[in-house]
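Below you'll find the structure, written out as structure tokens, and then a few comments.
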Protein chains: 2
Amino acid sequence: MRRMTARPANAHQARLLRLLRDGGPNSRAQLGDQVELSRSKLAVEVDRLLETGLVVADGLAASRGGRRSHNIRLAPELRFLGVDIGATSIDVAVTNAELEVLGHLNHPMDVREGPVAVFEQVLSLAAKLRASGLAEGFDGAGIGVPGPVRFPEGVPVAPPIMPGWDGFPVREALSQELGCPVMVDNDVNLMAMGEQHAGVARSVGDYLCVKIGTGIGCGIVVGGEVYRGTTGSAGDIGHIRVDPDGRACACGNKGCLEAHFSGAALARDAEDAAREGRSPELAARLEAAGRLTAADVAAAAAAGDAAALDLIREGGNRLGQVIASLVSFFNPGLVVIGGGVTGLGHNLLASVRTQVYKQSLPLATGNLPIVLGELGPTAGVIGAARLISDHLFSPV
Amino acid sequence: MRRMTARPANAHQARLLRLLRDGGPNSRAQLGDQVELSRSKLAVEVDRLLETGLVVADGLAASRGGRRSHNIRLAPELRFLGVDIGATSIDVAVTNAELEVLGHLNHPMDVREGPVAVFEQVLSLAAKLRASGLAEGFDGAGIGVPGPVRFPEGVPVAPPIMPGWDGFPVREALSQELGCPVMVDNDVNLMAMGEQHAGVARSVGDYLCVKIGTGIGCGIVVGGEVYRGTTGSAGDIGHIRVDPDGRACACGNKGCLEAHFSGAALARDAEDAAREGRSPELAARLEAAGRLTAADVAAAAAAGDAAALDLIREGGNRLGQVIASLVSFFNPGLVVIGGGVTGLGHNLLASVRTQVYKQSLPLATGNLPIVLGELGPTAGVIGAARLISDHLFSPV
DNA sequence: CATCTTTGTCCTGGGTGTGGAGAAAGTCGG
DNA sequence: CCGACTTTCTCCACACCCAGGACAAAGATG
């Protein structure tokens, strides 16, 4: 199949494409209500989009009391590839142009195996999705990596947990391999975009999205746009100090948040608790699996294990302390917590909320929801699809 | 004199006005180089601006190797009023349309006397400036207040140090009294705008501006625009916790940054040191004045007083700790420190830098200047003038 | 003084968008 | 089933805008 080559020629067309992406099929009249264009102008722009093949007619819409309108939708054969490279696993998904996930694969893999090995796996997963008939090719791909990215070039910079990736031309290389446009971003930013597009953060302009996986990061959304900072490292809150005399961190400092609470730290603490006999529940799980993860702690807590609950509470306090500072500084309209430890659920949320509501001033916390992400592992891939669609659905 | 009533009719005119504001008088040809408009279009827009009286012809420009161009400048009789209401004093200044300060008055006054008394004083200072021949009236006024503001309405909300101001319609009231458009914002945000317009922060897109006066606040600039947060309280970093077992703060919590380091805290610490005999220098000053301020500490430190230097170092460490967190989170391209304690100067700067460079990751600190503001007390009033000019120099 | 460069003005032709007229398609009440 | 009203869509004329060329004015250069 011939893939999408056309791009919107002007801001109006880009606007219309995004409306169709976010709102699904729409009648011409409905589109007219959402943009301030004269009927004639709208008709012209829609016709041009139809010519390019980016959108197609899709039957008649329901009547709104008069003549029925023709429905318009994004071309149903458009396909985006969303790739979320985590520290220990890879998520790959295909979406249509409306960013609905049509197929989703996960594969455990250590990012430290390096870009070549990882992308080999990514391409093989993408091929598998293609082979299953979900796509005949991709019109664009978004890639998330677990570290800072020089965004315009799509190149990781000085990523602490990804040795071997520094300066690797991810965008360039994958664009070659896949034969379509590619955009690269930090995985946390993509999660933020995902939750904004299809999750809890719809209709919020300024918000924070804290992702707790192997490490800890924070997506910052300002006015509906991801804020990346001067060098692309904004949101790197894992190394904020929470305890001046705290634990040694891999970064060389002491008392970093990440050293005290993260997927990795939690697993280590849980194993310690198990070995020291403080938690029979965790000890049993350690016995069974040979190692523990955040999921084990979640399960133990759900079973009422006191040590596990303590770990979560303590971690939540630490995290809450940092989030409280960020809330004071940033005054977001929403805080989303997601990532691998979402399983810790409401126990975690409770301690975070306690800290934030206690420490931050009422004006900032007054109407501030602090919630768990609702998309889980699909947030990243949806965000990735959204990233590339934002790029493709922008003028020239 | 008839005051300015006209406003730019479209984005092009607004653009031109801002160029003239920021770049001073300019030839038509130079303007043409800076905007992507055809010569004819540019001529038309400039002619229209001349008609409205917002800009005037101003002689001939130097030749650039051919026919000399006619100079254009903003109407020289335009006047903006910049008002910076601090916790303990009021700054009022008149500027021309290029935001050059033509006259500047300062008057000590406690903001807690309430809006009515304060604005009486502001109006009297403004009248004094008018009487001295610097202005015959004002085309717009910007007001800074030391607390959060609901920006669109120009109304202070829940300001901790300004009892009696909550909900007072500052914008509305002053607009009535002055007979011109008024915009209201947090004083810290105005300082950030001031340093951006005429100070150290020119040409930086994303930066932080930390103001240490009676309290502590932080102006956040994202992509050249001030970020105010969901409820207008963004940048309120005074109550970030720096020490879990720290001092009691007026806000009811313990260990807030502001309780450990701010103009007020520093003065108190200095008085303690003086009374406890730890610092003869400070004791002498306390004896002479009956009380101490941050300026006394600065003077004592300059004279080599060890206790004063200790206070500054300790405060700088605390502040640096918080700034380090914010740098990790926000990844700014510049950090400016200003406000009343700027006199502490390089001693303060040194401890802040030490903390930040030690705690934050290299990618964020790599090319991060941390500097003192260079405008001092005029930053606020220039920022105020800039606020209202941004408003007036925007389309319809 | 001739030539070149820069600047400013005028004008024309093409493109764009607005809004009215009217046809097409449907709903609704009798 | 029919007539009146609504909504949607297309067509078209008119005004406006704007880019860019031609040309005149003003100065630099040698």
Side-chain angles (χ1 to χ4, degrees), chain A residues 6-20 23-74 394-396, chain B residues 6-20 23-74 394-396:
Chain A
R7 290 276 295 277
N10 58 43
H12 298 310
Q13 293 185 14
R15 176 93 193 281
L16 291 171
L17 290 175
R18 289 179 190 211
L19 282 173
L20 291 172
N26 244 302
S27 74
R28 292 160 108 101
Q30 282 175 308
L31 288 175
D33 295 344
Q34 297 173 71
V35 295
E36 49 327 297
L37 291 174
S38 66
R39 293 187 308 286
S40 1
K41 171 97 178 124
L42 177 65
V44 170
E45 296 296 359
V46 170
D47 284 348
R48 286 189 192 147
L49 285 175
L50 284 167
E51 266 175 42
T52 66
L54 282 172
V55 307
V56 298
D58 184 38
L60 290 171
S63 166
R64 294 198 294 181
R67 173 176 174 175
R68 293 171 64 190
S69 184
H70 293 276
N71 257 343
I72 297 293
R73 62 175 301 177
L74 289 168
S394 58
V396 271
Chain B
R7 291 276 296 277
N10 58 45
H12 298 310
Q13 294 185 12
R15 176 93 193 280
L16 291 171
L17 291 175
R18 289 178 190 212
L19 282 173
L20 292 172
N26 243 303
S27 73
R28 291 162 109 100
Q30 282 176 307
L31 287 175
D33 295 343
Q34 297 173 69
V35 294
E36 51 322 302
L37 291 175
S38 65
R39 290 190 309 287
S40 12
K41 170 99 179 121
L42 176 65
V44 169
E45 297 296 358
V46 169
D47 285 347
R48 285 187 193 151
L49 285 175
L50 285 167
E51 267 175 43
T52 66
L54 282 172
V55 307
V56 298
D58 185 39
L60 290 171
S63 166
R64 294 199 293 181
R67 173 177 175 174
R68 294 171 65 192
S69 184
H70 293 276
N71 257 342
I72 296 293
R73 61 177 301 179
L74 289 167
S394 58
V396 269

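The chains referred to below are lettered A, B, ... by the order of the sequence lines, with proteins before strands, and numbering in each begins at 1. Computation of the quantities below employed the complete heavy-atom set of this structure, encompassing side-chain atoms and omitting hydrogens, waters and symmetry-equivalent molecules.
- For the pair B:L19/B:Q30, no side-chain contact is recorded, criterion being any heavy-atom separation below 4.5 Å from C-beta on.
- With a 4.5 Å cut-off on side-chain heavy atoms, A:R7 and A:S394 count as touching.
- An OP1 or OP2 oxygen of C:dG8 is reached within less than 4.0 angstrom by a side-chain nitrogen or oxygen of B:S69.
- The nearest whole Å value for the distance from the CG atom in B:N26 to the P atom in C:dG8 is 12 Å.
- Between the side chain of A:Q13 and the backbone N or O of A:A9 there is at least one donor-acceptor pair closer than 3.5 Å.
- Side-chain atoms of B:S63 lie closest to D:dA28 of the nucleotides D:dA22, C:dT18, D:dA28.
- One interatomic measurement links the two molecules: CG of A:L37 to C1' of D:dT10, which rounds to 17 Å at whole-angstrom precision.
- Remark: side-chain polar atoms of B:D58 are not paired, donor with acceptor, to backbone N or O of B:I72 under 3.5 angstrom.
- If you take CD of B:E45 and P of C:dG8, they are 16 Å apart, rounded to a whole angstrom.
- For B:R67, no side-chain nitrogen or oxygen approaches OP1 or OP2 of C:dT5 to under 4.0 Å.
- As a whole-Å value, the separation of B:R64 CZ from C:dT5 C1' is 12 Å.
- In terms of position along DNA chain C, the nucleotide closest to A:V44 lies nearer the 5' end than the nucleotide closest to the other residue of the pair A:V44 and A:R68.
- Of the candidate nucleotides C:dC10, C:dT9, D:dC9, D:dC9 has the atom nearest to the side chain of A:R39.
- In summary, of the residues considered (B:V56, B:L20, B:N26), a side-chain contact (heavy atoms from CB on, under 4.5 Å) with B:L74 occurs for B:L20 alone.
- The nearest whole Å value for the distance from the CG atom in B:L31 to the C1' atom in C:dT7 is 13 Å.
- A:R28 comes within 4.0 angstrom of sugar-phosphate atoms only, judged by non-hydrogen atoms across all strands, and of no base.
- Within 4.0 Å of A:A29, counting heavy atoms only, lie sugar-phosphate atoms of the nucleic acid but no base atom.
- OP1 or OP2 of D:dC18 lies within a sub-4.0 Å distance of a side-chain N or O belonging to B:K41.
- Atom pair B:Q30:CD and C:dT6:P shows a separation of 14 Å (rounding to whole Å applied).
- Distance, B:N71 CG to C:dT6 C1': 15 Å, rounded to whole Å.
- If you take CG of B:L42 and P of C:dG8, they are 9 Å apart, rounded to a whole angstrom.
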